[in-house]
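The basis for the numbers below is simple: all heavy atoms, side chains too, and nothing from hydrogens, waters or symmetry mates. For ligands, and for the atoms within them, numbers begin at 1 and follow the listed sequence.
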Amino acid sequence: MSPRERSRADRGKDRSADSGRQRSSGRSVLLTHLYDPEEVERARSEARAKAERRKARVALPPDPGPKEAGSPALRGKTEPLLSLFFSCHGGTGCTTLVASLATLLARAERSVCVVDCDLQFGDTLMALNLKHRFTLAQALEALPSLDPETLHYRLPRHESGVCVLSQAGDVDGLGQIEPSTFIELLALLRESFDHVLVDGVRDFSDYALAVLDVADDVLLVGTQEVPAVRGMAMRLDVFEQLGYEVQWLDVVINRYATKNGVSLGAIANSLEVETRFVIADDAPVARRALNDGVPLVDMAPTSRATRDMQDLVQVLYGVHPPRRKGLFGRIFGGSA
Ligand SMILES: Nc1ncnc2c1ncn2[C@@H]1O[C@H](COP(=O)(O)OP(=O)(O)OP(=O)(O)O)[C@@H](O)[C@H]1O
Ligand SMILES: [Mg+2]
């Protein structure tokens, strides 16, 4: 019996006792989702349908790419996509990653909004050097009369075009954020943007479950540290209990270095899932990027980490972000 099978079996034994306890306290939507057979069945069939849609999408050949080198990618026909970046351990670099991926998409002429689900301490705004203009709580309050144009106009916007919806740093409105209205807001965001990228999710809170219900992609972000790998294994277990086929989830190993930490082979063995994307470790650039509020891909456009992020965007969203050349390429590479 593998460690994951064993933990699953142990959990099964405790399930009914826990279920009654949690239900009577009325605290956990997660456990309601887990133990209500109808809910589980609904989640399973939705997850299966999503998996099919996603398989069809990512199997499509990506855009042919820019006609002329250096021009933005051709805007292909695209359905709006909502991607949840699920951090499996503290300090995986999730915010750095999301801010950069959003910037790459925006520079490829996709409209993008990043939603920061870390309602108290999220730092997406800081990562893009933006200030609060229109908070999550304000957006929810205005929801009945909010339309896509107004939303675009009111949200703080990075010079790349990336908009950010966050509540962090403003505790006043926290109490007004209800998961049920949050779902409605997510629906409006999908209508308003080509891409919605969700950062700041680390657990299966009500807000996280609201996002999961509507997400098209779920990326589990971890690192090669042992606690992070354990964190990914635990979360994969919970995803399975919720009815998600783990093959539907993408594992991203951020801050990846061949010589450090747990190898990709060992990670695959322990998760029973292959890593889909790796983003190279580049601590000095990542630190400067966060300190200056500049996306890593702008701070170091030709770095290995940036190229890895460009690859992710190409595979997942079918866009070719315009690649900038290094000094050598600019001097010796001709006009292409
Ligand atoms: N590709 C990278 N290589 C090296 N260090 C990185 C990379 N990306 C981010 N970091 C570093 O990781 C640390 C955490 O970054 P960040 O704030 O983006 O993550 P986070 O959002 O807190 O992650 P989590 O949500 O998992 O807690 C920072 O010190 C940052 O400089
Ligand atoms: Mg963060």
Side-chain angles (χ1 to χ4, degrees), residues 83-104 113-130 132 136 156 158 162 164-170 197-205 207-208 211-212 215 218-236 249-262 264 267 275-313:
S83 307
L84 167 59
F85 291 79
F86 200 113
S87 166
C88 295
H89 193 255
T92 61
C94 210
T95 298
T96 303
L97 177 66
V98 170
S100 279
L101 297 178
T103 304
L104 289 174
C113 181
V114 178
V115 180
D116 194 339
C117 264
D118 184 344
L119 301 182
Q120 293 184 20
F121 303 116
D123 45 12
T124 315
L125 280 170
M126 272 192 280
L128 292 168
N129 197 21
L130 294 172
H132 270 307
L136 243 163
H158 182 251
V162 175
V164 177
L165 186 53
S166 166
Q167 184 65 28
D170 182 352
L197 272 52
V198 180
D199 181 28
V201 174
R202 295 185 184 83
D203 54 24
F204 292 87
S205 68
Y207 302 106
V211 180
L212 264 172
V218 178
L219 294 100
L220 293 189
V221 184
T223 64
Q224 295 166 282
E225 305 297 319
V226 171
V229 178
R230 281 204 197 114
M232 281 191 278
M234 283 164 67
R235 280 153 185 90
L236 278 170
L249 313 165
D250 282 326
V251 170
V252 184
I253 298 297
N254 201 14
R255 312 177 63 170
Y256 174 73
T258 30
K259 293 195 183 116
N260 291 342
V262 186
L264 291 182
I267 293 175
T275 295
R276 181 95 188 273
F277 302 107
V278 293
I279 310 294
D281 183 73
D282 196 338
V285 169
R287 193 177 317 118
R288 265 196 299 136
L290 276 186
N291 284 346
D292 296 0
V294 173
L296 185 151
V297 292
D298 284 353
M299 181 66 85
T302 59
S303 68
R304 177 75 253 176
T306 294
R307 278 182 282 140
D308 289 339
M309 293 183 198
Q310 288 168 331
D311 289 345
L312 187 156
V313 160

Can you give the donor-acceptor pairs under 3.5 Å from side chains of residues 87-102 to other protein atoms, not counting sequence neighbours?
unit_1, atom_1, unit_2, atom_2, d
Ser87, OG, His89, O, 2.9
Thr92, OG1, Cys94, N, 3.4
Thr95, OG1, Asp123, OD1, 3.1
Thr95, OG1, Asp199, OD2, 2.8
Ser100, OG, Thr96, O, 3.4
Ser100, OG, Leu296, N, 3.1
Ser100, OG, Val297, N, 3.3

With rounding to the nearest 0.5 Å, note down the distance linking CG in Asp292 to CG in Asp298.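 With rounding to 0.5 Å, CG (Asp292) is 11.5 Å from CG (Asp298).
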
Can you tell me how far CG of Asp281 sits from OG1 of Thr223, rounded to the nearest 0.5 angstrom?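 Rounded to the nearest 0.5 Å, the OG1-CG separation comes out at 9.5 Å.
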
Looking at Arg307, I want to see if its CZ is surrounded by more than 12 non-hydrogen atoms of other residues, nucleotides or ligands under 6.0 Å.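 Result for CZ/Arg307: enclosed.
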
Given OD1 of Asp123 on one side and OG1 of Thr95 on the other, what angle do they make at the Mg ion (ligand 2), to 10°?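 Once rounded, the angle between the two atoms at the Mg ion (ligand 2) is 80°.
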
How would you list, by chain and number, the residues with a heavy atom under 4.0 angstrom from ligand 1?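 Answer by chain and number: Ser87, His89, Gly90, Gly91, Thr92, Gly93, Cys94, Thr95, Thr96, Asp123, Arg202, Asn254, Arg255, Ala280, Asp281, Asp282, Ala283, Ala286, Arg287, Leu290.
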
Examine Phe86 together with Phe204 and report whether their ring centres are nearer than 6.0 Å.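 So the answer is yes for these two rings.
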
Okay, side chain of Arg235, backbone of Arg202: is any donor-acceptor separation there less than 3.5 Å?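 Yes; judged by distance alone, with no hydrogens or angles, the pair exists.
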
